[in-house]
**Student:** 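Quick one: this structure, given as structure tokens, is what I'll be asking you about.
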2 protein chains.
Amino acid sequence: MRTTTESKQKLREICRVAARVFYEKGYDGASMQDIAKAVGLTKAGLYHHVGSKDRLLFEIMNYGMDILDETVLQKVKDIQDPREKFRQTIIGHIDLIVRARDQEITVILHENRSLKGALRKKINARKRDYIHYLEGLIAQVQEQSGRSPLLSPPLAAFALLGMVNWLYQWFRPEGPTKQTELTQTYVDFFFRGLLGML
Amino acid sequence: MRTTTESKQKLREICRVAARVFYEKGYDGASMQDIAKAVGLTKAGLYHHVGSKDRLLFEIMNYGMDILDETVLQKVKDIQDPREKFRQTIIGHIDLIVRARDQEITVILHENRSLKGALRKKINARKRDYIHYLEGLIAQVQEQSGRSPLLSPPLAAFALLGMVNWLYQWFRPEGPTKQTELTQTYVDFFFRGLLGML
């Protein structure tokens, strides 16, 4: 359906604006009319691009996962050393959560109860792929350390996701802690928790 | 206004049911009529008890903070040793998040964008008190360890809150990891991250 770069760009622009409207009014509180107005389209024009409100929510979440792919996973894919690869993954993920540009999208990605059925399953499958990627990397880091694992890769992966994804609740770039300090501190904290040493 | 135990119990019951309705339909998607019906009151009766929809959301969140007080803080208040007190606090907080009974309430407590103005400030003040409590305890644990602190108490407190509050996203009591194993693993992981040793 949408194969050209131009229509992909248009869809992304709609997703960005719609995410802000959903963020402000809630998924149920925001009407397609509200979103059409914010995007600068007629309601019919909006439906033409996204099909339905459910589908729009799905496209926003899918876009969120695309951003994760593009700005985190693509950047680390050629790193061979597991520990460095994992370190860079954490740095990229933190950057994704704290940068203001995509905040509404990442929040909506976390609060995914509004999405139902097959579309929800698709998003959850993409999330699961990322979790498996983290688990695999954690297992490699543990193995590389030469020590007996102190906790299972799934529990470690979810501890990390909690620490990092929770940042949207409290971290403000203009606050007392700078992002570089936060990142360094969290990476060190996580590796100590995982391996019992630095 | 509400001073008797009986009206307090009634309010809590309303909060519990309303939390479930908000959880299912979203704050904006749920009408006071939906909630009245679920509680078994007339709409007028519901308004009599809670005043307004905003106020109801506030009461749910306030109830969530009351549960935290009652089931976590009250239980540890007489423990003198900082490390044991902190350990029991983590155990209590994890138990609060993972037990099914209060799940809707804790989710609503985290997704608090729907609450505005003075009521939001009140809830945020209660949350801040809890964060300060954790920070104080972390500082004591660090001091007791006799080592130079590896990270600041606020960053450690937020790492913990992330790990623990995120549990509602993935932990299921019927899953492969039992709650006691989860708790022990997370407590150990956190102390290693905080102190660099067990």
Side-chain angles (χ1 to χ4, degrees), chain A residues 22-31 34 94 97 104 107-114 116 124 127-128 131 149-152 154-171 175-177 181-198, chain B residues 22-31 34 94 97 104 107-114 116 124 127-128 131 149-152 154-171 175-177 181-198:
Chain A
F22 283 148
Y23 182 84
E24 282 163 8
K25 301 196 163 191
Y27 175 72
D28 297 290
S31 70
D34 294 332
I94 289 179
I97 300 294
E104 290 97 352
V107 170
I108 286 169
L109 197 51
H110 299 148
E111 300 176 1
N112 73 340
R113 291 191 315 283
S114 305
K116 311 278 182 233
N124 284 347
K127 288 183 176 178
R128 213 157 33 238
I131 293 165
L150 295 164
L151 72 168
S152 72
L155 287 185
F158 283 117
L160 177 69
L161 284 172
M163 284 169 56
V164 173
N165 285 335
W166 198 251
L167 288 168
Y168 82 96
Q169 290 267 4
W170 65 274
F171 184 77
T177 307
E181 184 197 342
L182 168 81
T183 305
Q184 186 63 50
T185 304
Y186 267 29
V187 166
D188 290 349
F189 175 86
F190 182 79
F191 276 106
R192 280 196 302 271
L194 182 66
L195 302 173
M197 52 162 193
L198 264 187
Chain B
F22 283 149
Y23 181 82
E24 284 163 7
K25 301 195 164 194
Y27 176 72
D28 296 291
S31 69
D34 295 332
I94 289 178
I97 300 295
E104 290 97 353
V107 170
I108 285 168
L109 198 50
H110 298 149
E111 300 176 1
N112 73 340
R113 291 191 317 281
S114 306
K116 310 277 182 232
N124 284 347
K127 288 183 176 178
R128 212 155 33 236
I131 293 165
L150 295 166
L151 72 167
S152 71
L155 287 186
F158 283 117
L160 178 70
L161 285 171
M163 285 169 56
V164 173
N165 285 336
W166 198 250
L167 288 167
Y168 81 96
Q169 290 266 5
W170 65 273
F171 184 77
T177 307
E181 184 197 341
L182 168 81
T183 304
Q184 187 62 50
T185 303
Y186 266 30
V187 166
D188 291 348
F189 176 87
F190 183 80
F191 275 106
R192 280 195 303 272
L194 183 67
L195 301 172
M197 51 161 192
L198 263 186

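To find a chain, count down the sequence lines: A is the first, B the second, and so on, and within it residues start at 1.
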**Student:** Under a 4.5 Å heavy-atom cut-off, does chain B meet the side chain of A/Leu167, its backbone, both or neither?
**Tutor:**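 No part of it gets close to chain B.
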
**Student:** Quick one: list whatever passes side-chain hydrogen bond (donor to acceptor under 3.5 Å, both in side chains) with A/Glu24, sequence neighbours left out.
**Tutor:**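 If we apply the side-chain hydrogen bond (donor to acceptor under 3.5 Å, both in side chains) test to A/Glu24, skipping adjacent residues, there are no hits.
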
**Student:** Would you mind telling me which of A/Lys25, A/His110, A/Gln169 has the largest number of heavy-atom pairs within less than 4.5 Å of chain B?
**Tutor:**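 Sorted descending by pairs with chain B, the first entry is A/His110.
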
**Student:** Just give me the residue among A/Leu194, A/Leu151, A/Leu182, A/Leu160 that pairs up with chain B most often, heavy atom to heavy atom, under 4.5 Å.
**Tutor:** A/Leu151

**Student:** Please flag which part of B/Tyr186 lies under 4.5 Å from any non-hydrogen atom of chain A: side chain, backbone, both or neither.
**Tutor:** side chain

**Student:** What part of B/Ile131 gets closer than 4.5 Å to chain A, counting heavy atoms only: side chain, backbone, both or neither?
**Tutor:** neither

**Student:** Pick from A/Pro176, A/Gly162, A/Ala30, A/Gly29: which one has the most heavy-atom pairs with chain B under 4.5 Å?
**Tutor:** A/Gly162

**Student:** For the atom pair CZ (B/Phe189) and CZ (A/Phe190), what is the distance rounded to the nearest 0.5 Å?
**Tutor:**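 Reported value, rounded in 0.5 Å steps: 5.0 Å.
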
**Student:** Identify, with sequence neighbours excluded, every residue that meets side-chain hydrogen bond (donor to acceptor under 3.5 Å, both in side chains) alongside B/Thr177.
**Tutor:**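 In terms of side-chain hydrogen bond (donor to acceptor under 3.5 Å, both in side chains), with neighbours along the sequence ignored, B/Thr177 is linked to no residue.
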
**Student:** Just how far is it from atom CG of B/Leu155 to atom CD of A/Glu181, taken to the nearest 0.5 Å?
**Tutor:**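 With rounding to 0.5 Å, CG (B/Leu155) is 6.0 Å from CD (A/Glu181).
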
**Student:** Is A/Tyr27 close to chain B through its backbone or its side chain, or both, or neither, when contacts mean heavy atoms under 4.5 Å?
**Tutor:**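 Interface part for A/Tyr27: neither.
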
**Student:** Is B/Asp34 reaching over with its side chain to a backbone N or O of B/Ser31, donor-acceptor style, under 3.5 angstrom?
**Tutor:** yes

**Student:** Could you tell me which portion of A/Val164 (side chain, backbone, both or neither) has an atom closer than 4.5 angstrom to a non-hydrogen atom of chain B?
**Tutor:** neither

**Student:** Hey, what do you get for CZ (A/Arg192) to CZ (B/Arg192), rounding to the nearest 0.5 Å?
**Tutor:** 11.5 Å

